[in-house]
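Counting begins at 1 with the first residue of the sequence. Atom set for the values below is all heavy atoms of this structure, side chains included, hydrogens, waters and symmetry mates excluded.
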Amino acid sequence: MKEDFLHHVWQFKKFDIAKLKTTNGESIQILNSGQYLQLAGPDFFNAQLIIGNQKWAGNVEIHVKSSDWYIHNHEKDSNYDSVILHVVWEHDIPIFRKDNSEFPTLELKEYVALSDLHKYQSLVSQKSWIYCQNELRNVDKFIFKNWQERLFFERLERKSQLILELAETSNHDWEAILFCLLAKNFGLNTNGELFYKVARSIPFSVVRKESFSTQSLEALLLGQANLLSYNFQDNYARGLQNSYDHLVQKYQLNSKIVGTAEFFKHRPDNFPTIRLVQLANLYFHRKNLFSLVINAITITELYEVFTIGVSEYWETHYNFDKESVKKMKRLSKSFINLVIINAIIPLRFAYAWSHKKDISQELIDLATLISAEQNAVVDKFQSFGLEVKTVFESQTLLELKKNYCDNKKCLDCAIGHFILKK
């Protein structure tokens, strides 16, 4: 038995409420079971009960055993002085207030139907990838759709925390925030943190001033990423070194960024050199980039904003001093999709939130226009009979798996509720 099941039982009154009695034989009538806030302190706030002939307003605390009250040291915490009812699965010892009067206690196991208990036990005892995998295809579509929307925005809220923190430290310079987000996403998983440090190390005012020269932008980004610290043969590479040294002196940049760009296991198109020069080329060709991505109405407009390649030197190079077959090296549609998913949609969400605007439907509509990511988690959900065609669907399933299934939070999940109510 776990407390989360008891929280579920109390919150949704999944027990026989007609003839409730305390362990001391007093009748209990539930007028309001209280608010389940999942904060520090008692489990349910502002409950209203009639115990015996007395009406009470206060909080309800729930434990598996009565003795857990002392194990959790609640007798020493004044937050629990307002508890009006102690709800437990098993009453093993009496619990007393500071004035030595006994807390009214409800022993739930006397009132919960065995069928509900068996449903819960069968749900959480399965040894499988996720507990509900055999039930997923049978979940009511309306419930599932509403839950997906909730998951979508939970994921956006979590991703937007970094953006809102950047807003506070950058005096809400949204162009600078976008620059940091794009740098992190251009670096993908392996180089994302280094690229983010690079972006943070360059005041965006410098990027604005130097955005009329691709060489200056490349020098700034490659130099700050420690990719110009070698003896090169190419005149182009040496020119970037000279430009970088000049820019460091001109703007008094901190050139000691900790980190090493990773080339290992990357396909050449994902080499850190290529991704950084693509980022430089983006800021050379797209002035006022923030306005472009915020005001883009269609997905086609966003694709057009990010359809850029590299400067001439990099069309025949993936790294310095090593010439290759000429290639334009434009950002692929799949890469742009990743940028939209992980940077642009969260940015739009955070920007709207900071301006107290609701663009929920706009973001859902945008996410439904992008094809779903292909990864092991999405593939697994598809194997259970779920149709996953769009980013909206794939992102919600990633959130479901990471923050609910992996943490066994079935009773906080609409799917878990549906299965238990069947």
Side-chain angles (χ1 to χ4, degrees), residues 144-160 162-163 174-175 177-189 192 195 269-270 274-275 278-310 328-355 357-375 377-379 381-382 386-400:
F144 193 79
K145 180 68 174 178
N146 284 341
W147 183 232
Q148 279 188 304
E149 289 190 11
R150 166 83 177 272
L151 291 169
F152 182 72
F153 288 106
E154 281 188 13
R155 190 169 181 83
L156 276 182
E157 286 172 10
R158 187 159 46 79
K159 286 184 174 183
S160 69
L162 171 64
I163 301 171
W174 290 96
E175 287 280 8
I177 295 166
L178 175 61
F179 178 58
C180 292
L181 287 180
L182 290 178
K184 190 175 191 301
N185 281 276
F186 270 55
L188 302 173
N189 290 332
F195 284 17
D269 282 349
N270 280 330
I274 299 304
R275 290 308 183 197
Q278 286 171 332
L279 184 61
N281 214 36
L282 177 64
Y283 275 91
F284 173 71
H285 286 286
R286 306 286 188 260
K287 306 298 189 288
N288 301 314
L289 186 57
F290 175 74
S291 296
L292 293 176
V293 300
I294 286 293
N295 296 322
I297 297 174
T298 66
I299 190 70
T300 302
E301 288 179 76
L302 282 175
Y303 287 142
E304 289 175 355
V305 168
F306 288 100
T307 302
I308 53 94
V310 293
M328 298 296 288
K329 301 184 180 70
R330 291 187 180 277
L331 292 178
S332 66
K333 185 175 180 179
S334 60
F335 186 84
I336 296 173
N337 283 340
L338 287 176
V339 171
I340 295 172
I341 296 163
N342 296 314
I344 305 309
I345 290 179
L347 179 75
R348 283 187 167 196
F349 175 81
Y351 183 71
W353 183 88
S354 70
H355 288 78
K357 293 181 179 179
D358 182 8
I359 60 168
S360 302
Q361 192 58 51
E362 176 186 317
L363 296 178
I364 291 174
D365 291 344
L366 179 58
T368 56
L369 295 175
I370 304 172
S371 298
E373 308 102 300
Q374 295 299 311
N375 54 51
V377 173
V378 172
D379 290 345
F381 275 111
Q382 287 179 315
L386 295 185
E387 190 174 63
V388 189
K389 292 184 176 181
T390 71
V391 153
F392 171 78
E393 293 164 335
S394 58
Q395 285 283 292
T396 59
L397 293 177
L398 292 173
E399 186 70 11
L400 176 65

Working to the nearest 0.5 angstrom, can you tell me the gap between [X] [atom1] and [Y] [atom2]?
{"X": "S332", "Y": "F306", "atom1": "OG", "atom2": "CZ", "answer": "13.0 Å"}
{"X": "L181", "Y": "N342", "atom1": "CG", "atom2": "CG", "answer": "10.0 Å"}
{"X": "L156", "Y": "R348", "atom1": "CG", "atom2": "CZ", "answer": "12.0 Å"}
{"X": "L347", "Y": "I163", "atom1": "CG", "atom2": "CD1", "answer": "5.5 Å"}
{"X": "N337", "Y": "L302", "atom1": "CG", "atom2": "CG", "answer": "10.0 Å"}
{"X": "I308", "Y": "Q278", "atom1": "CD1", "atom2": "CD", "answer": "5.5 Å"}

Check whether any side-chain heavy atom of [X] sits under 4.5 Å from a side-chain heavy atom of [Y], and report yes or no.
{"X": "Y303", "Y": "I340", "value": "yes"}
{"X": "L398", "Y": "R155", "value": "yes"}
{"X": "K329", "Y": "I274", "value": "yes"}
{"X": "I344", "Y": "L178", "value": "yes"}
{"X": "F179", "Y": "L279", "value": "yes"}

Query raised in the report: Can you check side chain to side chain contact (heavy atoms under 4.5 Å, CB included) on L386 and F144, steps first, answer last?
Result: CA-CA 11 Å; L386 295 185; F144 193 79; 4.0 Å; yes
Requested in this report: Establish, for the pair R275 and F335, whether the NZ or CZ atom is under 6.0 angstrom from the six-membered ring centre and no further than 45 degrees off its axis.
Outcome: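 Yes, R275 lies over the aromatic ring of F335.
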Can you see which heavy atom on [X] is nearest to which on [Y], and at what distance?
{"X": "P346", "Y": "I341", "result": "CD-O, 3.2 Å"}
{"X": "T368", "Y": "D365", "result": "OG1-O, 2.7 Å"}
{"X": "K145", "Y": "F392", "result": "NZ-CE2, 3.7 Å"}
{"X": "T390", "Y": "A367", "result": "CB-O, 3.8 Å"}
{"X": "Q374", "Y": "Q382", "result": "OE1-OE1, 4.4 Å"}
{"X": "W147", "Y": "L400", "result": "NE1-CD1, 3.7 Å"}

Query raised in the report: If you count the non-hydrogen atoms of other residues, nucleotides and ligands that lie under 6.0 Å from CG in N375, is the total more than 12?
Result: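 Enclosed.
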**Report entry** Sidechain N-carboxylate O distance under 4.0 Å for E154, R158
**Finding:**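 Result for this pair is no, no salt bridge flagged.
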**Report entry** Carboxylate-amine/guanidinium proximity below 4.0 Å for K159 and E157
**Finding:**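 No, no charged N to carboxylate O under 4.0 Å.
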Query raised in the report: Any donor and acceptor pair, going by atom type alone, linking the side chain of N185 with main-chain N or O of V339 inside 3.5 Å?
Result: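 Checked: no pair found.
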Query - Listed partners of D358 passing side-chain hydrogen bond (donor to acceptor under 3.5 Å, both in side chains), at least two apart - result: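 For D358 the side-chain hydrogen bond (donor to acceptor under 3.5 Å, both in side chains) partners, ignoring immediate neighbours, are S360.
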Query raised in the report: Should L162 and K184 be marked as a side chain to side chain contact (heavy atoms under 4.5 Å, CB included) after you check the CA-CA gap, both sets of side-chain angles, and the distance that decides it?
Result: CA-CA 11 Å; L162 171 64; K184 190 175 191 301; 4.2 Å; yes
Query raised in the report: Aromatic rings F153 and F349: how do their planes relate, parallel, tilted or perpendicular, breaks at 30° and 60°?
Result: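 Tilted: the ring planes of F153 and F349 meet at 30° to 60°.
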Just list the side-chain donor-acceptor pairs under 3.5 Å for residues 287-297, sequence neighbours left out, or say none.
| residue | atom | partner | partner atom | Å |
| --- | --- | --- | --- | --- |
| K287 | NZ | S211 | O | 3.3 |
| K287 | NZ | F284 | O | 2.3 |
| N295 | ND2 | S291 | O | 3.0 |

Requested in this report: List the steps, then state whether side chain to side chain contact (heavy atoms under 4.5 Å, CB included) holds for V305 with I336.
Outcome: CA-CA 10 Å; V305 168; I336 296 173; over 6 Å; no
**Report entry** Polar side chain donor-acceptor pair, Q395 to E373, under 3.5 angstrom
**Finding:**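 Looking only at side-chain atoms, E373 and Q395 do form a donor-acceptor pair, the distance falling under 3.5 Å.
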